[in-house]
Amino acid sequence: MQKLSAMFVPAADQIERPGKSLEVGTSFESRLVQKIKKQCNDLASFQGVFVATPNGLLLAGSHEAVHDPRKVEQHMREGLEKWATLSADERLLSKAEFARAVSDLEVVEAQSQYPKDGLVLSAICRDLPRSSRPDTSPSRNAYNQDYAWFRKNESREFLPAQPVKGAKHKVPRELVERLARFHFVDLVRGHTTSFPQKAVERAELSAEVIDVQGDLVSLRFRGRTRTSEVHDGVHVEGKWNRPGTGIPELQKRGVDATLEGQAVYDLQADRFVSFDLVALSSRWGGNAYNGRLNDRDFGPAPMGIVLSLAGKTAAEQVPPLYFRYYGWK
Amino acid sequence: MKNLVSGSIAALMLLAASIGLCADRTAPLQLSAEHAKCREIVLPNLGEQSYRNIPWRASVLHGIVDAQKNDKPIMFVLMNGHPLGCT
C-alpha cells in the first residue's frame with residue numbers, strides 16, 4: 001500500500017472558503033476541479049475522492065469513496081492503470097497552463113495569513129464519557145481537528161511583561177474570547193456556527209510563571225470561559241433546528257469550560273516551545289450539521305478540547321475554521 | 001467526524017509512525033486529575049493520527065503543480081470543511 005500511495009501526489013482541499021470556491025469559482029484551480037468533477041457521473045456533491053491527471057482528466061473517483069477506504073484503493077488502482085496508457089500530452093498541462101498554475105500558487109502563498117512567527121495551536125475536540133447515558137452512537141469515538149492562530153505580538157501576551165518566577169498575568173480578554181468564540185465550540189461530529197461576541201459570558205485566563213531556566217519561562221494557565229445563546233426556535237440553516245419531537249422550542253446552546261494548562265516560552269527565540277491547554281467543558285444545544293439532532297443529543301454533556309503546539313507541515317497550516325471572523329487585516 | 005473521513009483514507013494510504021505532540025516540552029505536565037484524564041481521552045491515538053504522515057498538499061492547486069513537476073497523477077480529497085482541518 002505504501003508503494004501504491006507513493007505513485008500519487010496527495011492533496012486535500014475545502015470546497016468553499018473565503019475568496020475561493022472550487023464549485024463555482026472562475027480561477028484556474030476552480031475551473032480545473034469543475035472540469036474533473038464534470039467527468040464524474042455521480043451525485044452533484046463536490047465532496048469526494050478523485051484521481052486525475054495534472055491537466056484535469058479524471059482517471060477515477062466518486063463521492064462515496066469519502067466513507068469507503070476500499071473504494072479509495074479501487075480508484076487509485078484504476079487511476080494508475082489509465083495513467084499508464086496516456087502520453088505526456090494527454091496527461092500534462094501545457095507550458096503556458098503550468099506557468100499560470102505556478103503563478104496562481106505564488107499569489108495564494110503570498111496572501112496567506114498563516115502566522116509563521118506567531119503561535120499556531122492544534123485544537124482537538126472530542127466527547128467525554130457520560131456516566132448517566134452511555135453513548136452508543138456510531139460516531140461516539142469521533143473527534144475533530146482545528147487550528148487556532150495568534151500573531152507574534154499576541155503570543156507574547158500570554159505571559160507577563162517581566163517574566164520572573166511567581167509573576168502573575170491576566171491574558172488579554174480579546175485573546176481568550178477568540179478561544180471561547182471560535183475554538184470552544186461543539187464541532188465534535190460536524191460543523192456549527194461560531195459564537196457571537198455577545199454570547200461570551202466569561203473569558204478569563206491567567207498565567208503564572210512557575211519557573212525560569214535561562215531563556216526558558218515555564219507558565220501555568222488557569223481559566224474559565226462560558227458562552228451561552230438562547231434562540232426563539234426560528235430556523236436558520238445550519239444553526240437552529242426546525243421544531244419537532246424532542247427538540248426544545250426555546251433553543252439554547254453554549255459551552256462552559258474550565259481551563260488548565262502549561263507552556264514554555266523561549267525568550268531568546270521569542271516563541272513558545274511547548275503549549276498545552278485543556279478545556280474541560282459542558283456543552284449544550286446542537287443542530288443537524290453538527291450531528292446532535294439525529295440523536296436529540298442536546299446535552300448538557302461533557303466535551304474536552306485540547307490545544308497544543310502545531311507543527312509546520314502544509315497540513316498544519318490550514319486556516320482555522322472561523323478564521324474569517326478573526327478580523328485580521 | 002475526523003475519524004470517519006480522513007482516518008479511513010489514511011488507513012489505506014499509510015504508514016505507521018506517529019507524530020509527537022508537544023515533543024519539545026521541557027517539564028512534565030502538571031494538571032488536575034480530571035483535566036489530565038480529559039487530555040488523555042481527547043488526543044487522538046496513533047491510528048487516528050496516521051493520516052498525518054501523508055505528505056498532503058493543502059490545496060488542489062498545490063497538488064496540481066507538484067503532480068506536474070513529478071509527472072504523477074494527483075489523488076485529492078474534497079470536503080465542505082478542510083479535510084486536514086475541521087471537517
Side-chain angles (χ1 to χ4, degrees), chain A residues 1-2 5 7-15 29 33 46-54 59 66 69 72-73 76 79 83 92-93 98 101-102 104-105 124 126 128 141-147 187 189-191 216 218 260 262 264 273-274 276 278 280 304 306 308-309 314-315 318 321, chain B residues 1-6 8-15 19 21-22 24-27 29-32 34-39 41-44 48 52 54-68 70-87:
Chain A
M1 190 49 65
Q2 290 181 27
S5 65
M7 308 287 282
F8 298 85
V9 169
D13 211 341
Q14 181 174 355
I15 298 166
E29 179 188 34
V33 169
F46 269 56
Q47 295 192 96
V49 179
F50 307 92
V51 178
T53 61
L59 301 174
V66 167
V72 178
E73 181 182 4
M76 290 167 76
W83 173 264
L92 299 176
L93 295 164
F98 183 55
V102 170
D104 281 6
L105 184 59
I124 294 175
R126 194 191 296 258
L128 297 173
N141 294 320
Y143 72 97
N144 218 333
Q145 162 87 65
D146 198 10
Y147 293 95
L187 298 167
R189 299 182 186 188
H191 286 184
L216 299 179
S218 295
E260 282 189 21
Q262 216 161 297
V264 177
V273 293
S274 79
D276 284 89
V278 179
L280 177 57
V306 176
S308 52
L309 216 53
V318 170
L321 178 64
Chain B
M1 189 63 187
K2 185 64 61 189
N3 55 350
L4 296 178
V5 183
S6 309
S8 63
I9 294 163
L12 265 171
M13 291 187 70
L14 287 171
L15 327 169
I19 53 172
L21 290 170
C22 314
D24 52 355
R25 183 185 303 120
T26 55
L29 266 180
Q30 294 178 349
L31 301 172
S32 66
E34 56 181 0
H35 282 79
K37 183 71 180 168
C38 170
R39 182 176 185 275
I41 292 169
V42 170
L43 288 179
E48 289 172 324
R52 293 265 157 199
I54 299 172
W56 294 105
R57 279 63 165 181
S59 71
V60 173
L61 183 60
H62 193 174
I64 290 290
V65 167
D66 283 359
Q68 173 94 1
N70 293 290
D71 198 0
K72 287 182 177 180
I74 176 174
M75 192 285 295
F76 62 96
V77 184
L78 295 183
M79 295 291 289
N80 286 335
H82 201 296
L84 300 173
C86 195
T87 54

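Every chain is numbered from 1, with letters handed out A, B, ... down the list of sequences.
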*Evaluate side-chain contact (heavy atoms from CB on, under 4.5 Å) for Asn80(B) paired with Gln14(A), printing each intermediate quantity in order.*
CA-CA 5 Å; Asn80(B) 286 335; Gln14(A) 181 174 355; over 6 Å; no
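Here the closest non-hydrogen pair linking Glu29(A) and Val60(B) is OE2-N, 3.4 Å. The minimum heavy-atom distance linking His35(B) with Leu280(A) is given by the pair NE2-CB, 3.6 Å. Between Gly85(B) and Asn144(A) the shortest heavy-atom distance is O-OD1, 3.9 Å. Taking every heavy atom of both residues into account, Trp56(B) and Ala314(A) meet most closely at O-CB, 3.9 Å. Gly63(B) and Ala11(A) make their closest contact through CA-CB, 4.1 Å (heavy atoms, listed as atom of the first residue, atom of the second, distance).
Ranking Ile74(B), Ile64(B), Val65(B) against chain A, the residue ahead of the rest is Ile74(B), based on heavy-atom pairs under 4.5 Å. For the set Leu59(A), Val51(A), Leu92(A), the entry with the most heavy-atom pairs within less than 4.5 Å of chain B is Leu92(A). Most heavy-atom pairs under 4.5 Å with chain A, from the set Gly81(B), Ala58(B), Pro73(B), Ala36(B): that is Pro73(B). Heavy-atom pairs under 4.5 Å with chain A peak, among Leu31(B), Asn70(B), Asp66(B), at Leu31(B). Heavy-atom pairs under 4.5 Å with chain B were tallied for Ala12(A), Ala101(A), Ala315(A), Gly48(A); the largest tally goes to Ala12(A).
Contacts of Phe98(A) with chain B are made by side-chain atoms alone, with heavy-atom separations under 4.5 Å and no backbone atom involved. Using a 4.5 Å cut-off between heavy atoms, Val318(A) contacts chain B through its side chain alone, with no backbone atom that close. Residue contact with chain B, scored on non-hydrogen atoms closer than 4.5 Å, involves the backbone and the side chain of Leu105(A) alike. Proximity to chain B (any heavy atom under 4.5 Å) is shown, for Val306(A), by both the backbone and the side chain.
Note that CE of Met79(B) is 8.0 Å distant from CD1 of Ile15(A), once rounded to the nearest 0.5 Å. With values rounded to the nearest 0.5 angstrom, Tyr147(A) atom OH is found 7.5 Å from Leu84(B) atom CG. Residue Met75(B) holds its CE atom at 14.0 Å from CE of Met7(A), rounded to the nearest 0.5 Å. Note that the CD atom of Glu260(A) and the OG atom of Ser32(B) stand 3.5 Å from one another [nearest 0.5 Å]. With rounding to the nearest 0.5 Å, the separation of CZ in Arg39(B) from CD1 in Ile124(A) is 10.0 Å. With values rounded to the nearest 0.5 angstrom, Leu128(A) atom CG is found 10.5 Å from Lys37(B) atom NZ.
Not one N or O on the side chain of Arg57(B) forms a donor-acceptor pair closer than 3.5 Å with the backbone of Val9(A). At distances below 3.5 Å, not a single donor-acceptor pair connects side-chain atoms of Asp146(A) with backbone N or O atoms of Cys86(B).
At least one side-chain heavy atom of Trp83(A) sits less than 4.5 Å from a side-chain heavy atom of Asp71(B). Residues Phe50(A) and Leu78(B) meet the side-chain proximity criterion, which asks for heavy atoms closer than 4.5 Å.
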